[in-house]
Amino acid sequence: MFNKRIKIKELLLQPAGQKDIVVMGWVRTFRNNQFIALNDGSTNTNIQVVAPLGQFDDELLKRITTSASLKITGELVSSQGKGQSVELVAHTIEVLGESDAEKYPLQPKKHSLEFLREIAHLRFRTNTFGSVFRVRHALAFAIHQFFHEKGFLYMHTPIVTASDAEGAGEMFRVTTLPFDNPPRDENGAIDFKEDFFGRSTNLTVSGQLEGELGATAFGEIYTFGPTFRAENSNTTRHLAEFWMIEPEMAFSDLEDNMNLAESFIKYIIGFVMQHNMEDLTFLDQRLAEEEKQLPADKRSEMGLIDKLRFVLDNDFERITYTEAIDILLNSPAYKKKKFQYEVKWGIDMQSEHERYLVEKHFKKPVIVTNYPKDIKAFYMRQNDDGKTVAAMDILAPGIGEIVGGSQREERLALLTARMKDMHIAEEELWWYLDTRRFGTVPHAGFGLGFERMVLFVTGMTNIRDVIAFPRTPKSAEF
RNA sequence: UCCUCAGUAGCUCAGUUGGUUAGAGCAUCUGACUGUUAAUCAGAGGGUCACUGGUUCAAGUCCAGUCUGAGGAGCCA
């Protein structure tokens with residue numbers, strides 16, 4: 001067996017004096033022809049490997065360059081240097097893979113995030129991306145653990161779908177038809193009956209409708225999978241391919257939904273605070289450094305860890321859409337005409353409005369409920385006032401909308417009437433409507449954009465830096 | 001998709017009213033030193049100034065278009 005190594009994260013916790021230690025990793029720096037900072041991705045802290053002078057020949061030492069991969073055997077001893085408590089005195093050094101220093105793009109210096117995005121295949125070897133992706137992993141794990149503990153069933157909804165009824169955004173078409181000469185019907189339109197699935201199909205924009213089918217049998221389900229939007233969005237908050245979490249609960253109303261979302265967000269943040277404090281501390285310092293470059297009024301009031309702790313310790317503010325509009329209308333910003341867009345009941349709130357509520361007025365996450373029905377999706381449950389639906393959005397500081405959800409319309413007559421208003425064909429969604437025909441129940445759910453959550457927790461500011469290989473307009477390298 | 005800004009060495013950037021052979025720091029290489037923490041010191045190499053076209057005696061610099069990137073907006077998660 002080749003691998004009997006100890007991971008560096010674990011090794012650093014061991015007492016000095018142990019012999020025959022095996023570590024493997026990649027060289028971060030090689031100082032003074034003697035000191036190798038070795039990293040294996042288990043933690044940002046490197047193990048200092050000491051190659052005593054005269055014990056290794058120059059030919060070998062020359063091959064120890066930045067990002068060369070090494071297998072070291074040696075003895076763990078107390079360090080004579082100040083930067084670390086223990087270090088590994090090497091008995092053998094094996095270069096597993098060389099790294100040509102003239103060609104290797106990552107240098108022992110600070111790089112811009114824009115540059116690192118161009119070498120996304122190597123950026124995991126930096127401290128920032130090491131921390132970001134370990135936190136991302138921890139969040140994903142915590143999500144499964146949260147729902148599992150609550151008895152939710154993890155449901156895999158399809159990636160390829162024929163339904164476009166949700167209207168969540170532009171879709172990527174999935175087809176095997178030839179581009180140059182596709183089959184045509186008698187009207188000259190492309191004949192999708194000839195396509196692979198015998199119909200027009202797309203990549204999913206949401207697993208919600210299928211999720212509701214699961215919830216109305218299992219009670220509680222959640223999905224956690226990739227989602228695709230072909231919107232030409234060029235922002236720090238949008239991806240063409242992103243991961244979404246969509247829980248759906250039978251026998252639940254809007255308040256149950258809000259309670260679930262809030263406890264969910266707190267749980268996964270708490271999990272990361274408990275398990276990834278070293279990475280969070282690094283990211284906290286990174287953010288503080290970054291913000292030193294900004295003018296004083298653009299800096300965050302709280303550091304990253306303080307912000308996360310604050311979210312954990314405080315209830316989210318819960319207001320209705322109508323109250324939100326009132327707050328905006330009575331705000332100093334409105335009176336001073338600071339808003340670019342009009343504020344009145346019925347508008348779809350703009351980023352500037354949401355930012356004001358979250359960052360200026362409440363200074364914490366805000367749940368806005370009961371939006372006007374005309375600006376929301378067909379499946380949301382109509383309230384008794386005839387004007388609003390039982391929707392809820394959670395707005396987070398610095399990110400904006402992080403959760404969108406609602407109680408679903410379970411009353412068949414009301415649902416079909418709404419579909420008719422919005423020109424959605426019933427035949428297309430016969431299977432969805434069946435849940436309302438056979439044992440319908442009050443139910444609710446929400447969608448949470450995973451990368452936006454990772455942004456919030458890591459303090460990163462561009463969504464392209466929290467997914468391994470971002471897909472955005474004009475960009476699908478790697 | 002719209003608005004704004006940017007593209008000069010491997011990276012981060014400077015480059016004046018258009019004017020001789022385009023610079024710096026870091027990185028890399030060579031040498032020195034050897035308990036260093038992004039080691040230090042000395043020296044060297046390294047450029048299609050994003051691309052295409054135009055104006056001009058002369059363009060990194062001015063103009064037009066294209067491409068790419070960033071920030072903001074819209075759309076949304």
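Chain A is the first sequence line, chain B the second, and so forth, proteins listed ahead of strands; every chain is numbered from 1.
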Nearest-Å distance for atom pair [atom1]/[atom2], residues [X] and [N]:
{"X": "Leu122(A)", "N": "rC11(B)", "atom1": "CG", "atom2": "P", "value": "14 Å"}
{"X": "Asp348(A)", "N": "rC75(B)", "atom1": "CG", "atom2": "C1'", "value": "10 Å"}
{"X": "Ile119(A)", "N": "rG69(B)", "atom1": "CD1", "atom2": "P", "value": "16 Å"}
{"X": "His238(A)", "N": "rA73(B)", "atom1": "NE2", "atom2": "P", "value": "10 Å"}
{"X": "Glu246(A)", "N": "rC76(B)", "atom1": "CD", "atom2": "C1'", "value": "13 Å"}
{"X": "Lys474(A)", "N": "rU66(B)", "atom1": "NZ", "atom2": "P", "value": "13 Å"}
{"X": "Arg229(A)", "N": "rU1(B)", "atom1": "CZ", "atom2": "C1'", "value": "18 Å"}
{"X": "Glu118(A)", "N": "rA70(B)", "atom1": "CD", "atom2": "C1'", "value": "11 Å"}

*Dot-bracket, RNA chain B: Watson-Crick or G-U, under 3.5 angstrom, [ ] crossing, | other strand?*
(((((((..((((.....[...)))).(((((.......))))).....(((((..]....))))))))))))....
Hey, what's the ring geometry for [X] with [Y], parallel, tilted or perpendicular (30° and 60° as the breaks)?
{"X": "Phe172(A)", "Y": "Phe228(A)", "answer": "perpendicular"}
{"X": "Phe271(A)", "Y": "Phe141(A)", "answer": "tilted"}
{"X": "His353(A)", "Y": "Tyr341(A)", "answer": "perpendicular"}
{"X": "Trp345(A)", "Y": "Tyr321(A)", "answer": "perpendicular"}
{"X": "Tyr356(A)", "Y": "His361(A)", "answer": "tilted"}
{"X": "Phe478(A)", "Y": "Phe469(A)", "answer": "tilted"}

Students often get this wrong, so: under 4.0 angstrom with heavy atoms, is [X] touching a base, only sugar-phosphate, or nothing?
{"X": "Ile402(A)", "value": "sugar-phosphate"}
{"X": "Phe115(A)", "value": "sugar-phosphate"}
{"X": "Arg117(A)", "value": "sugar-phosphate"}
{"X": "Tyr341(A)", "value": "sugar-phosphate"}

Can you tell me, in whole Å, how much space there is between the [atom1] of [N] and that of [M]?
{"N": "rU30(B)", "M": "rG15(B)", "atom1": "C1'", "answer": "30 Å"}
{"N": "rC29(B)", "M": "rG45(B)", "atom1": "C1'", "answer": "7 Å"}
{"N": "rG54(B)", "M": "rG74(B)", "atom1": "C1'", "answer": "36 Å"}
{"N": "rC13(B)", "M": "rA6(B)", "atom1": "C1'", "answer": "13 Å"}
{"N": "rU52(B)", "M": "rG19(B)", "atom1": "P", "answer": "22 Å"}
{"N": "rA44(B)", "M": "rU48(B)", "atom1": "C1'", "answer": "24 Å"}
{"N": "rC75(B)", "M": "rA39(B)", "atom1": "P", "answer": "49 Å"}
{"N": "rA9(B)", "M": "rG60(B)", "atom1": "P", "answer": "15 Å"}

*Is there a donor and acceptor pair, one atom on the side chain of Ser233(A) and one on the base of rC76(B), closer than 3.5 Å?*
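Between rC76(B) and Ser233(A), which were checked side chain against base, a qualifying N/O pair under 3.5 Å is absent.
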*Do the side chain of His111(A) and the base of rC11(B) come within less than 3.5 angstrom through a donor-acceptor pair of N or O atoms?*
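Side chain to base: no pair present.
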If the cut-off is 4.0 Å, is [X] near the phosphate of [N], judged by side-chain N/O to OP1 or OP2?
{"X": "Asn462(A)", "N": "rG71(B)", "answer": "yes"}
{"X": "Arg355(A)", "N": "rG72(B)", "answer": "no"}
{"X": "Arg464(A)", "N": "rA70(B)", "answer": "yes"}
{"X": "Thr236(A)", "N": "rG72(B)", "answer": "yes"}
{"X": "Thr235(A)", "N": "rC76(B)", "answer": "no"}

*Which of these, Leu116(A), Ile119(A), Val132(A), sits in a side-chain contact (heavy atoms from CB on, under 4.5 Å) with Thr126(A)?*
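That would be Leu116(A).
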Would you say [X]'s side chain and [Y]'s backbone share a donor-acceptor pair under 3.5 angstrom?
{"X": "Thr43(A)", "Y": "Thr45(A)", "result": "yes"}
{"X": "Arg136(A)", "Y": "Val466(A)", "result": "yes"}
{"X": "Arg286(A)", "Y": "Asn127(A)", "result": "no"}

_Go nucleotide by nucleotide along RNA chain B from the 5' end; which of Asn234(A) and Pro105(A) gets its closest nucleotide reached first?_
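Looking at RNA chain B, the more 5' nearest nucleotide goes with Asn234(A).
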*Closest-nucleotide ordering on RNA chain B, the 5'-leading residue of Gln350(A) and Ile463(A)*: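 This one resolves to Gln350(A).
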*With a 4.5 Å heavy-atom cut-off, do Thr227(A) and Glu246(A) have their side chains touching?*
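No. Closest side-chain heavy atoms not under 4.5 Å.
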*asked:* So if I define the base as every atom that isn't primed, P, OP1 or OP2, how would nucleotides 24-39 of chain B read as a B/S/- string at a heavy-atom cutoff under 4.0 Å?
replied: -BBSSS----BBBBBB
*Hey, does the Lys NZ or Arg CZ of Lys266(A) hover above the aromatic six-ring of Phe146(A), less than 6.0 Å from the centre and inside 45° of the axis?*
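The answer is no, since Lys266(A) fails at least one limit relative to Phe146(A).
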